[in-house]
> 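This is the structure I want to talk about, given as structure tokens.
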Amino acid sequence: PSGARGDETSFPWNKLQPDARIIYMSLGSQIYHQPVMFRTAFEAVRDKPVQLVATVNELMNTNELGNIPPNVLPAYYTPQLQLLPKVDAMITHGGANSVMEAIYYDVPLLISPICNDQFHQAHFVRKRSIGINLDLANCTPISCWNALHQLISPSAMRDRMHRISTSYQTDGAGRT
């Protein structure tokens with residue numbers, strides 16, 4: 001939906017670092033309880049020149065996320081459609097909505113599928129070279145950072161994402 005859904009909570013827009021490359025992490029609204037994946041991503045960006053915004057839902061005020069680096073902004077809820085235009089890369093489980101929205105907003109993807117159709121999304125993102133597949137539950141923070149660095153750096157991958165994103169900007173059903 002282009003407007004508010006009605007279940008939104010506030011988001012601290014003032015805490016976004018205006019001069020940092022922003023990486024957004026969301027593992028969906030149903031299978032988000034993946035503390036190992038969040039900790040891997042948090043450690044990957046520790047002391048790096050980026051800001052990671054992470055939708056952690058009910059993990060927000062628990063000890064399961066570990067020692068959160070100062071350049072990580074955890075949030076119970078993030079307004080994904082408003083945030084995506086401001087980010088340089090997205091870490092996702094590969095849900096269909098998240099993948100399509102990231103493509104629409106020209107945001108390269110790091111996909112770590114967990115279940116269901118997410119493996120199909122990961123396959124097609126890899127096939128079109130508009131993102132990287134990485135098992136965040138079983139990789140090192142260094143390999144996670146290497147993938148993220150590749151996504152936020154100028155590359156042929158970013159160019160391909162831009163071309164595909166441009167094609168998403170036209171509503172084919174609306175054409176006459």
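Please read all numbers here as calculations on a predicted model, not as lab measurements.
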> Is a side-chain donor or acceptor of Ser165 paired with a backbone partner of Ile103 at a separation under 3.5 angstrom?
yes
> Using modelled atom types only, decide if a donor and an acceptor are shared between the side chain of Arg160 and the backbone of Ser129 within a distance under 3.5 Å.
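Judged by distance alone, yes, a pair lies under 3.5 Å.
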> For Asn133 and Ala122, indicate whether the former's side chain and the latter's backbone hold a donor-acceptor pair under 3.5 Å.
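Confirmed, Asn133 side chain pairs with Ala122 backbone.
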> Could you go through Leu52 and Ile91, starting from their C-alpha distance and side-chain angles, then the distance that decides it, and tell me whether this counts as side-chain contact (heavy atoms from CB on, under 4.5 Å)?
CA-CA 10 Å; Leu52 175 64; Ile91 302 170; 4.2 Å; yes
> To the closest 0.5 Å, what do you measure between OH (Tyr105) and NZ (Lys86)?
10.5 Å
> Show the nearest heavy-atom pair for residues Met90 and Ser26, with the distance to one decimal.
CE-CB, 4.2 Å
> Is it possible for you to say whether Tyr168 and Leu84 belong to one hydrophobic cluster, with membership spreading through side-chain heavy-atom contacts below 4.5 Å?
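Same cluster: Tyr168 reaches Leu84 through Ile, Leu, Val, Met, Phe, Trp or Tyr contacts under 4.5 Å.
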> Distance check, rounded to the nearest 0.5 Å: Leu109 atom CG versus Glu101 atom CD?
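If I round to the nearest 0.5 Å, the distance is 11.0 Å.
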> Taking all non-hydrogen atoms of both residues, which atom of Gln17 and which atom of Ile22 are closest, and how far apart?
O-CD1, 4.2 Å
> Going through the checks in order, is the side-chain contact (heavy atoms from CB on, under 4.5 Å) test met by Val56 and Leu65?
CA-CA 9 Å; Val56 298; Leu65 297 175; 3.9 Å; yes
> Do you know which two heavy atoms are closest between Ile132 and Ala147, and how far apart they sit?
CD1-O, 3.6 Å
> Please check this pair: side chain of Ser167 against backbone of Ile164, looking for a donor-acceptor N/O pair closer than 3.5 Å.
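Between the backbone of Ile164 and the side chain of Ser167 there is a qualifying donor-acceptor contact (under 3.5 Å).
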> So which atom in Ile111 and which in Val125 form the shortest heavy-atom distance, rounded to 0.1 Å?
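Closest heavy-atom pair between Ile111 and Val125: CD1-CG2, 3.6 Å.
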> Check whether Thr40 reaches the backbone of Pro141 with its side chain - one donor and one acceptor, N or O, closer than 3.5 Å.
no
> Under the side-chain contact (heavy atoms from CB on, under 4.5 Å) rule, what do Leu16 and Leu83 come out as? Steps first, then yes or no, please.
CA-CA 10 Å; Leu16 290 181; Leu83 187 60; 4.2 Å; yes
> Are there over 12 heavy-atom neighbours, none belonging to Met100, within less than 6.0 Å of that residue's CE?
no
> For the CD atom of Gln121 and the NE2 atom of His93, what is their distance to the nearest 0.5 Å?
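Gln121 CD to His93 NE2: 9.0 Å, rounded to 0.5 Å.
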> Please find the pair of heavy atoms, one from Cys144 and one from Ala41, that lie closest to each other, and give the distance.
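Heavy atoms of Cys144 and Ala41 come nearest at SG-CA, 4.1 Å.
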> Any link between Leu136 and Ile142 through a network of hydrophobic side chains (Ile, Leu, Val, Met, Phe, Trp, Tyr) touching at under 4.5 Å?
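Different hydrophobic clusters.
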> Would the distance check show the side chain of Arg126 and the main-chain N or O of Gly131 forming a donor-acceptor pair, the cut-off being under 3.5 Å?
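Absent.
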> In Å, rounded to the nearest 0.5 Å, how long is the span from CD of Glu43 to OG1 of Thr140?
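One gets 11.5 Å once the value is rounded to the nearest 0.5 Å.
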> Going from OH on Tyr76 to CG on Asn57, what distance comes out if it is rounded to the nearest 0.5 angstrom?
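Here the interatomic distance stands at 6.0 Å.
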> Are more than 12 heavy atoms from other residues, nucleotides or ligands located less than 6.0 Å from atom NE2 of His162?
no
> Over 60° means perpendicular and under 30° means parallel, so tell me whether Phe38 and Phe42 are parallel, tilted or perpendicular.
tilted
> Hey, is the main chain of Gly95 close enough, under 3.5 Å, to the side chain of Ser98 for a donor-acceptor pair?
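No, Ser98 side chain to Gly95 backbone: no donor-acceptor pair under 3.5 Å.
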> Are any of the side-chain heavy atoms of Val107 and Met161 separated by less than 4.5 Å?
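No; the side chains remain at least 4.5 Å from each other.
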> For the residue pair Trp13 and Gln82, establish whether any side-chain heavy-atom pair is separated by less than 4.5 Å.
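Yes, their side chains come closer than 4.5 Å.
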> Mind checking the CG-CZ spacing from Asp106 to Arg158? Nearest 0.5 Å is all I need.
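Reported value, rounded in 0.5 Å steps: 6.5 Å.
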> Compare every heavy atom of Thr62 with every heavy atom of Leu59, then report the nearest pair and how far apart it is.
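Heavy atoms of Leu59 and Thr62 come nearest at O-OG1, 2.9 Å.
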> Given side chains that start at C-beta, do those of Trp145 and Val50 come closer than 4.5 Å, heavy atoms only?
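Yes - at least one pair of side-chain heavy atoms lies under 4.5 Å apart.
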> Going through the distances and angles, do Leu73 and Tyr24 end up as a side-chain contact (heavy atoms from CB on, under 4.5 Å)?
CA-CA 10 Å; Leu73 175 59; Tyr24 171 50; over 6 Å; no
> Determine yes or no for a side-chain-to-main-chain donor-acceptor pair under 3.5 angstrom, with Arg21 supplying the side chain and His149 the backbone.
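Absent.
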